[in-house]
Amino acid sequence: MSTTKLINIIFDFEVFPNWWCCCTRRVDTPDKISVITSDDPAAVRNLRLLIANCRLIGFNIRSYDLYILYAIVSGCSPSEVYEVSDNIIHNVSTQWTSHFGHYRWNWIDLYSDWKFGSLKMYEANQGMSIVESSVPFGKENLSPRDKMEIIEYCHADTNAALQLFHDREGYFSIHEYVSEHYNIPLQKAYQRTMQGLTAEATGVQKTPCTAAEDKRSSIYVLDYIKEMLDGVDPFAFLLEDQNEVRTFVYDGDVYKLGVGGVHSDFEQPIIVKSNENGRIFSIDVTQYYPNMLMNFDLMPRGMDEAGKRIFGDMIKAVRDLKVKVGEYEAAGNFESAKQAKSLRDKYKVLINAVSGAMRNKYSKFYDPSRIITMCAVGEFLLIAVVNDLKKQFPGTEVLQTNTDGAFLYVPNWEGFEEAVEKINKRIGFTFEVDAGKMLVQNNVNNYIFVKDNGQAKSKGSWVYPKRDRLKPASYAISHIAAFKLLLDGTPIEETVRNCTDIMDFAMCVKSGSTFERTIYKTNNQEFEVNNTNRFVVSRRGIGTLYKIKDGSAHRFPDCPDNIILINGDISEYNLKDLDIDYDFYIRYAHELIPNFICLQ
């Protein structure tokens, strides 16, 4: 194998019954594209050169393209390669779909830890063309024109994968950092999810012992919890069923306990503003779950003392780097602050991966009884802290609790931050305090919190200040308009009618794999369309979208009768020609806003 530096190559396969192609695009020179096809007598040799000299980058390649590549370089004919492809698609296990031969190659799968759907959905959200190739899948006798169209389509996917690679550079930089600082081969690091990467860094091994155990002696906050909550024992509330939710009522507040944490809020949406009678405070625990694992000796039993020290150092790095960021910013050294924040965020991702992995039976961290214990104790510790503050500041109202923090409305708030600091010292955790001007809360997972400095934080998909282009587009302008109205009173009509970004009006949808096809249906006609579609609501629109399953049509949610598909490159369209139905988006925004109770 060549000892020269590997070339980062985006690659993608298209496979047909008697022909295949592999399109490539260099990361450093994106316009440099090439294609290898089964028509080329030197195809196998050229693919082997790619394997030897390149780092192969693509979307979902771990589950498809690498198997195809392995089959080809192992001598499979085009028809045999197609059979491998068909088996992969239909989850048929064979020698070609269940091996690990490609793990010795150098590659990066862009699908690793990706949460936002297929590559086609990513393309839809970026405004790229999502028009499918007109060549039917499974066509046996391809014409030269067919092959040219397939290659062009394949190159479009490599272009999308290249953009996604750049969007995910921060994610893969964590792999590079761990490789360098924890002596892990880079390719091995790239092949790991974030849970697996933390496992490599800490050296954890899967333990056969996951039975329940009595950890009361190491959980030093039990006496504090009992003192604040009249003797309650968290161990009486261990939840093993993922779907189980139990209720705990204390001092008039109703808390819902689940495997993901404690939640409470008002039964109705609320708007609360700070005034002379009281102030809103957010209290939030820094790295709650990782610190509980360490402080209560609840790390997975497969982690030795050296691994625990590494994990503890990661937690300390997050804490220390946060201080550094503040110091750099105060000194006006914003470049150093940016670098420190980037490193801090790397460690945060690594340590936060552990608690979730402890429920994953395939993970080396798997230790469900310990994570169940940690969740129960963490839930009641948060409730205890909230009620400690309620006792110190009579009249305090709990606006919500959510896993690792709470919002409180506190009258006579003088000394509140000092009281929180005393609690921190007693329990060995750091609750950070932010005072706020306003809380607009739809529910526990959807709210706007405006801090004293005017900074607005929104949580959830309810309303938000701008579209996240990695997430599926969903009438963003309506959510943005509702956010602005709630934040500063900007009229919804003004925000909607002044918007000039077509993607803010777009909705991107996909029919799942269990559906047979997707149709665009008008009053008297229907047309089969892509599985993935992008559309806007228009005064010129005359139809809507349905997905078909077992002969029955299922309408896409929030899809009215007057949509226009815009599946071509978004630059091909303009707002004037689309004749946007502004009234629809205005109504949609108003419907997002519930009937609020103004508490103060």
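Since the model is a prediction, treat every value here as computed from it, not as a measurement. Each residue takes its place number in the sequence, starting with 1.
A distance below 6.0 Å separates the ring centres of Tyr588 and Tyr475. Tyr67 and His102 have their aromatic ring centers within a separation under 6.0 angstrom. Note: Phe505 and Tyr585 meet the aromatic proximity criterion, with ring centroids under 6.0 Å apart. Checked against the 6.0 Å centroid threshold, Tyr177 and Tyr347 count as a close aromatic pair.
A donor-acceptor contact closer than 3.5 angstrom is absent between the side chains of Asn159 and His155. Thr490 and Asp488 share a donor-acceptor pair across their side chains, judged by distance under 3.5 Å alone. Using modelled atom types and a 3.5 Å distance limit, the side chains of Tyr190 and Ser112 yield no donor-acceptor pair. For the residue pair Lys147/Ser143, the side-chain donor-acceptor check at 3.5 Å is not satisfied. Side-chain polar atoms of Asp550 and Ser552 form no donor-acceptor pair below 3.5 angstrom. Between the side chains of Ser77 and Glu80, at least one donor-acceptor pair of N or O atoms lies under 3.5 Å. With no hydrogens or angles considered, a side-chain donor-acceptor pair links Glu149 and Ser134 at under 3.5 Å. Tyr111 and Tyr64 are not linked by any side-chain donor-acceptor pair at a separation below 3.5 angstrom, with hydrogens and angles left out of the test.
A salt bridge is defined here as a Lys NZ or Arg NE, NH1 or NH2 lying under 4.0 Å from an Asp or Glu carboxylate O, and Glu335 with Lys338 fails to meet this definition. Ion pairing between a basic and an acidic side chain is recognised when a charged N comes within 4.0 Å of a carboxylate O; Asp583 and Arg587 show no such pairing. Look at Glu200 and Arg192 and you find a salt bridge, because one of the NZ, NE, NH1 or NH2 atoms lies within 4.0 Å of a carboxylate O, short of that distance. The pair Asp579-Arg540 does not count as a salt bridge, with every side-chain nitrogen at least 4.0 angstrom from each carboxylate oxygen.
Between Phe13 and Phe11, the ring planes are perpendicular. Angles over 60° get that label, and only those under 30° would be called parallel. Ring planes of His99 and Trp96: perpendicular class, angle over 60° (limits at 30 and 60°).
Within the 4.5 Å cutoff, the side chain of Cys23 has no heavy atoms near those of the Ile33 side chain. You'll find the side chain of Gln455 stays beyond 4.5 Å of the side chain of Val450, heavy atoms only. Using a 4.5 Å cut-off on side-chain heavy atoms (C-beta onward), Lys120 and Lys510 make no contact. Considering only heavy atoms from C-beta on, Leu6 stays 4.5 Å or farther from Asn53 through its side chain.
To the nearest 0.5 Å, the span separating OG on Ser118 from CG on Asn60 amounts to 10.0 Å. For the atom pair CE (Met438) and OH (Tyr447), the distance works out to 14.0 Å, reported to the nearest 0.5 Å. One distance of note links CG of Leu69 with CG of Leu66; it measures 6.5 Å at 0.5 Å rounding. Atom CG of Asn562 sits about 10.0 Å away from atom CZ of Phe535, to the nearest 0.5 Å. Here Ser511 contributes atom OG and Ile548 contributes atom CD1; the two are 8.5 Å apart, rounded to the nearest 0.5 Å.
No more than 12 heavy-atom neighbours from other residues, nucleotides or ligands sit within 6.0 angstrom of CD on Glu140. Residue Phe137 qualifies as open at atom CZ: its count of foreign heavy atoms under 6.0 Å is 12 or below. The number of heavy-atom neighbours closer than 6.0 Å to CD of Gln163, taken from other residues, nucleotides and ligands shown, is above 12. Counting non-hydrogen atoms of neighbouring residues, nucleotides and ligands closer than 6.0 angstrom, the CD atom of Glu152 reaches no more than 12 such neighbours. In the displayed structure, Lys459 atom NZ is contacted under 6.0 Å by more than 12 heavy atoms of other residues, nucleotides or ligands.
For Cys499 against Leu575, the heavy-atom pair with the smallest separation is O-CD1, 3.6 Å.
Lys139 forms no cation-pi arrangement with Phe16, by the criterion of a distance under 6.0 Å to the ring centre and an angle within 45° of the ring axis. Taking the ring centre of Tyr546 as origin, the terminal cationic atom of Lys521 falls inside the region bounded by 6.0 Å and 45° from the ring axis. Under the 6.0 Å distance and 45° angle rule, Lys457 does not count as a cation-pi partner of Phe449.
Paired with Tyr103 under the rule side chain to side chain contact (heavy atoms under 4.5 Å, CB included), one option of Arg62, Lys188, Gln187 passes, and it is Arg62. With respect to Asn8, the side chain to side chain donor-acceptor pair (under 3.5 Å) criterion is satisfied by exactly one of Arg55, Arg25, Arg26: Arg55.
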